*Asks:* 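There's a structure below that I have some questions on.
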Amino acid sequence: MRSLGADIAIDYRTEDVTKRILEETNEDGVDLIFNTINSAEATEDLKRLAFSGQLAFIAGSPDLSTIKPFSISPSVHEIALGAAHSSGSLRARENLAFMANELMQRVKKGTLNPMVSEVLPREELPSGLKKLKGRHVRGKIIVRMQP
């Protein structure tokens, strides 16, 4: 398998993402996809996976009925930190606490990159939301509420 990491950039607005991934991987697909978009895109991601590839999602589960059983053997993972807290499971809460501690250690050490792409004044909040809705932001937009 070839890593698409920083080697390849695909512009979803101008290119067929599935076609490009399959071209770049000699029709093999990729080993891992982290989907933050929606259920429809997560379903499309199934076409982009290599055999036994992994799909992790946070914004909607893929429709697994679109793939032939016992064909690509995907590993599908729902990322739901809120569910870990509300599940009532002690183990889940302990895992969540461990992750929070790791996160705070990185913040303390200064090794966490929050990927802030833009800091806007309060008056520009509507334009910032428009950029987010149009998915034209790489990183996060911070809005200063104080003048």
Side-chain angles (χ1 to χ4, degrees), residues 1-120 124-143:
M1 261 7 103
R2 180 173 174 194
S3 169
L4 290 182
D7 298 334
I8 308 289
I10 302 172
D11 185 346
Y12 69 91
R13 295 168 292 191
T14 60
E15 296 183 74
D16 180 328
V17 175
T18 302
K19 180 180 176 187
R20 182 74 188 282
I21 287 173
L22 294 176
E23 285 173 357
E24 293 294 335
T25 62
N26 296 320
E27 303 296 317
D28 286 336
V30 294
D31 295 319
L32 174 66
I33 296 173
F34 181 57
N35 183 292
T36 62
I37 301 170
N38 58 36
S39 182
E41 198 64 26
T43 300
E44 282 298 305
D45 285 338
L46 294 170
K47 299 174 187 173
R48 302 166 182 154
L49 286 176
F51 177 79
S52 198
Q54 298 181 61
L55 170 59
F57 61 91
I58 63 171
S61 59
D63 179 0
L64 297 175
S65 71
T66 63
I67 57 172
K68 182 179 173 186
F70 305 102
S71 59
I72 64 168
S73 189
S75 181
V76 179
H77 309 275
E78 176 186 49
I79 310 294
L81 297 179
H85 178 70
S86 64
S87 71
S89 163
L90 176 61
R91 180 175 175 217
R93 287 194 313 268
E94 287 173 344
N95 284 339
L96 192 57
F98 174 81
M99 289 184 278
N101 184 53
E102 289 291 313
L103 178 65
M104 292 297 102
Q105 291 302 317
R106 289 181 183 196
V107 169
K108 184 178 177 181
K109 292 177 185 174
T111 59
L112 182 70
N113 179 357
M115 291 182 61
V116 175
S117 62
E118 203 171 348
V119 179
L120 302 174
E124 293 183 33
L125 173 62
S127 69
L129 290 172
K130 187 176 180 180
K131 288 178 187 178
L132 287 172
K133 186 176 182 181
R135 296 181 8 206
H136 299 292
V137 176
R138 179 175 223 140
K140 296 165 184 62
I141 295 177
I142 304 296
V143 175

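Along the sequence shown, residues carry numbers from 1. If you're wondering where the values come from, they're calculated on a predicted model, not measured in any experiment.
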*Asks:* Could you tell me which non-hydrogen atom of G128 sits nearest to which non-hydrogen atom of L120, and how far apart they are?
*Replies:*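 What the structure gives for the nearest pair is CA-CD1, 3.7 Å.
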
*Asks:* Let me know which of K140, K131, R138 forms a side-chain hydrogen bond (donor to acceptor under 3.5 Å, both in side chains) with E118.
*Replies:* K131

*Asks:* Kindly give the heavy-atom pair with the smallest separation between E44 and T18, and that separation in Å.
*Replies:*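 Of all heavy-atom pairs spanning E44 and T18, the closest is OE1-OG1, 3.9 Å.
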
*Asks:* Any chance you could measure R93, atom CZ, to S87, atom OG, to the nearest 0.5 Å?
*Replies:* 7.0 Å

*Asks:* Measure across P62 and L46 and return the closest heavy-atom pair with its distance rounded to 0.1 Å.
*Replies:*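 What the structure gives for the nearest pair is CB-CD1, 3.9 Å.
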
*Asks:* Can you tell me how far apart CG (D45) and CD1 (I37) are? Round to the nearest 0.5 Å.
*Replies:*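 Answer for the CG-CD1 pair, D45 versus I37, is 7.0 Å.
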
*Asks:* Measure the CZ-OG1 distance between F57 and T43 for me, rounded to the nearest 0.5 Å.
*Replies:* 9.5 Å

*Asks:* Is there a side-chain contact between I58 and F34, using heavy atoms and a 4.5 Å cut-off?
*Replies:* yes

*Asks:* Just verifying a value: how many Å separate L64 CG and T66 OG1, rounded to the nearest 0.5 Å?
*Replies:* 7.0 Å

*Asks:* Please name all residues satisfying salt bridge (charged side-chain N to carboxylate O under 4.0 Å, His left out) with E78, sequence neighbours left out, ordered by chain then number.
*Replies:* none

*Asks:* Closest heavy-atom contact between A84 and A92?
*Replies:* O-CB, 3.4 Å

*Asks:* Quick check: closest heavy atoms across G139 and S117, and the distance to 0.1 Å?
*Replies:*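 Closest approach of G139 to S117, heavy atoms only: C-OG, 4.2 Å.
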
*Asks:* Taking only residues two or more places apart in sequence, or in another chain, which ones meet K130 in a salt bridge (charged side-chain N to carboxylate O under 4.0 Å, His left out)?
*Replies:* none

*Asks:* Evaluate the side-chain proximity of P74 to I67: yes if any heavy-atom separation is below 4.5 Å, no if none is.
*Replies:* yes

*Asks:* If you compare all heavy atoms of A42 against all heavy atoms of S61, which two are closest, and at what distance to 0.1 Å?
*Replies:*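 Smallest interatomic distance, heavy atoms only, reads CB-C, 4.4 Å.
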
*Asks:* Any side-chain heavy-atom pair from R48 and V17 closer than 4.5 angstrom?
*Replies:* yes

*Asks:* Evaluate the criterion side-chain contact (heavy atoms from CB on, under 4.5 Å) for residue pair L129 and K133; output intermediate values, then yes/no.
*Replies:* CA-CA 6 Å; L129 290 172; K133 186 176 182 181; over 6 Å; no

*Asks:* Taking the side chain as everything from C-beta on, heavy atoms only, tell me whether L103 gets closer than 4.5 Å to M99.
*Replies:*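 Sidechains of M99 and L103: no contact.
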
*Asks:* As an exercise, state the distance from CZ of R20 to OG1 of T25, rounded to the nearest 0.5 Å.
*Replies:* 11.0 Å

*Asks:* If you measure from CD on E24 to CD1 on I10, what distance do you get to the nearest 0.5 Å?
*Replies:*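 So the gap between those two atoms works out to 7.0 Å.
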
